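Okay, so here's the structure we're looking at.
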Amino acid sequence: MTHYKSDFIRILSERGFINQCTDIEALDEKAAKEVITAYIGFDCTATSLHIGSLLPIMLLRWLQKTGHKPVVLMGGGTTKVGDPSGKDATRPVMSDEFISNNMAGIKTVFDKYLDFGDGNSDAIMVNNDDWLSGLSYLEFLRDFGRHFTINRMMSFDSVRLRLDREQPLTFLEFNYMILQAYDFYELNKRHGLSLQMGGADQWGNIINGVELTRRVSGNEVFGLTVPLLTTSSGQKMGKTANGAIWLNDDMLSAYDFWQYWRNTSDADVGRFLKLFTELPLDEIAKLEALQGQELNEAKKILAHEVTKLCRGEEAALNAAETAKKTFEEGQLGKDLPTFEISQSDLKDGIPAFDAMRRVELAKSGGEARRAIKGGGARLNDNAINDENQLITLADANDDGLIKLSFGKKRHALIKPV
């Protein structure tokens with residue numbers, strides 16, 4: 001393994017963060033000598049980021065922990081255009097109000113991972129709408145458009161793959177990479193940024209930003225990407241059959257978040273411990289060497305450490321206690337996702353398939369019916385054999401709650417109100 005001079009690059013290399021870098025030796029040299037300022041951009045397409053964004057967030061965290069300055073770029077401007085990377089269809093146009101609301105939701109997660117302030121290594125958050133919305137189109141084309149060739153832009157994956165699949169690419173989306181490149185130039189000018197980071201699918205956009213900044217300003221800048229993570233089964237991180245694993249509390253319960261990591265496949269435990277926790281590497285080596293049932297303890301540690309960072313230690317401990325009661329002791333874990341349903345509805349009774357849909361154990365009535373027919377649904381740990389079986393107030397336990405389950409690992413509570 002290459003011996004790096006800076007703690008930042010050394011840690012990234014040891015823990016498996018580095019996919020590509022424009023000049024890793026020069027960046028390592030710079031990081032060893034001075035505080036570098038680096039950024040990652042996050043577009044505001046939903047009110048929360050999901051765990052597909054957790055690797056870049058951990059990258060910013062390690063940047064700060066090794067004495068450097070992270071900049072979180074909110075894509076208030078670029079979200080209006082839409083990044084075509086990895087997409088087959090044009091993103092719907094979003095209103096300013098919708099984008100602003102999403103941004104407010106996304107901002108909350110960064111306080112858990114970064115320290116914001118005015119110090120040398122304190123994080124700052126900026127919004128690219130501050131400079132993009134005021135651009136004069138003709139001046140922008142004259143001053144910056146001349147640095148981009150259509151030939152080169154057509155070669156980048158975000159464009160080429162869309163066209164190879166014979167899917168339309170609008171001129172609006174085609175401009176995205178120019179605007180992202182301009183972000184780097186603007187941030188270098190305003191805040192002295194010398195490094196742009198992102199996922200592997202952003203490599204082309206990052207290269208554009210590096211080249212534009214060097215040409216226009218003459219400054220030395222760098223680009224670095226992290227791998228696009230998939231699980232050992234080939235599934236993209238952040239997406240499951242039951243929906244996205246959101247980072248924000250109001251989008252996904254701490255219990256469901258903890259449970260996702262607890263269900264990590266055996267082959268992924270060591271890799272995820274390196275990327276998503278701050279446990280020392282020697283401790284991780286011992287955990288990933290465990291076999292059989294003992295490896296489940298490593299998965300619980302992974303779930304605890306990731307949840308502690310994202311949701312706080314109390315939430316992580318509560319989630320673990322709920323899982324223990326639910327799975328190991330057969331009790332009712334009160335920290336399970338809880339859904340309020342009116343007593344009047346429950347007095348008359350709700351068909352089981354509809355109740356499962358309401359508590360989000362199934363996306364539709366049809367999916368719920370299939371689960372019941374397949375023997376995968378339970379009411380208070382008893383099998384539901386009839387999709388039209390009525391769930392009523394009489395099913396509430398001593399705590400006034402009704403438990404529904406789909407399979408062995410997914411549970412929800414109904415609270416009559």
Side-chain angles (χ1 to χ4, degrees), residues 1-42 54-73 110 113-126 180-181 183-200 202-203 205-229 270-271 273-285 309:
M1 181 178 289
T2 305
H3 178 72
Y4 292 110
K5 299 177 181 178
S6 69
D7 288 342
F8 177 55
I9 297 298
R10 177 182 56 78
I11 288 172
L12 295 193
S13 176
E14 289 174 347
R15 300 183 83 96
F17 277 88
I18 299 174
N19 180 60
Q20 287 179 283
C21 184
T22 51
D23 187 343
I24 197 161
E25 288 81 13
L27 178 59
D28 178 47
E29 190 82 31
K30 187 178 181 70
K33 291 179 179 178
E34 61 189 82
V35 174
I36 57 172
T37 306
Y39 86 98
I40 299 178
F42 299 87
L54 195 51
L55 194 58
I57 293 172
M58 290 298 295
L59 186 58
L60 289 173
R61 184 172 171 88
W62 279 115
L63 178 80
Q64 185 170 56
K65 283 175 72 72
T66 52
H68 303 287
K69 187 177 186 70
V71 175
V72 179
L73 176 66
F110 288 99
Y113 291 91
L114 302 172
D115 293 324
F116 287 84
D118 301 321
N120 278 349
S121 62
D122 285 342
I124 61 171
M125 184 175 285
V126 295
Q180 184 171 327
D183 282 344
F184 197 0
Y185 163 77
E186 193 70 36
L187 287 166
N188 176 259
K189 183 174 69 172
R190 290 178 178 226
H191 300 286
L193 268 86
S194 56
L195 173 62
Q196 180 184 174
M197 305 184 292
Q202 295 298 312
W203 179 246
N205 291 336
I206 289 173
I207 288 292
N208 275 333
V210 169
E211 292 180 351
L212 179 69
T213 305
R214 285 175 176 171
R215 284 175 186 159
V216 177
S217 70
N219 294 333
E220 182 185 41
V221 291
F222 304 90
L224 184 150
T225 59
V226 294
L228 279 186
L229 278 193
R271 184 167 56 123
L273 282 166
K274 289 176 186 174
L275 294 172
F276 298 113
T277 81
E278 295 171 342
L279 293 178
L281 291 176
D282 54 351
E283 186 175 338
I284 291 173
L309 278 174

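Computed from a predicted model, the values in this text were never measured in an experiment.
- Minimum interatomic distance between Arg15 and Lys274 (heavy atoms only, all atoms of both residues): NE-O, 2.7 Å.
- The residues Arg214 and Glu211 are annotated as not salt-bridged, no charged nitrogen and carboxylate oxygen being separated by less than 4.0 angstrom.
- Counted within 6.0 Å of CG on Asn120, heavy atoms from surrounding residues, nucleotides or ligands total 12 or fewer; the atom is thus considered open.
- To the nearest 0.5 Å, atom CH2 of residue Trp203 and atom CG of residue Leu224 are 7.5 Å apart.
- Annotation: the span from Glu14 atom CD to Ile284 atom CD1 amounts to 10.5 Å, rounded to 0.5 Å.
- Of the inter-residue distances, the one linking Gln202 atom CD with Met197 atom CE reads 13.0 Å to the nearest 0.5 angstrom.
- Interatomic distance, Glu278 CD to Arg61 CZ, rounded to the nearest 0.5 Å: 4.0 Å.
- Paired with Tyr39 under the rule side chain to side chain contact (heavy atoms under 4.5 Å, CB included), one option of Val72, Leu73, Leu60 passes, and it is Leu73.
- Once rounded to the nearest 0.5 Å, the distance linking CG of Leu193 with CG of Asn219 reads 11.5 Å.
- Under the ring-ring contact (aromatic ring centres under 6.0 Å, His included) criterion, Phe222 pairs with no residue, sequence neighbours left out.
- Note that the CD1 atom of Ile24 and the CD1 atom of Ile18 stand 3.5 Å from one another [nearest 0.5 Å].
- With sequence neighbours excluded, the residues that form a ring-ring contact (aromatic ring centres under 6.0 Å, His included) with Tyr185 are Phe144, Tyr182.
- Closest of all the heavy-atom pairs between Asn19 and Ala200 is ND2-CB, 3.4 Å.
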Candidate pair Thr66 and Asp7, rule side chain to side chain donor-acceptor pair (under 3.5 Å), full reasoning: CA-CA 6 Å; Thr66 52; Asp7 288 342; over 6 Å; no
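- The minimum heavy-atom distance between Gly119 and Asp122, with the atom names listed, is N-OD2, 2.8 Å.
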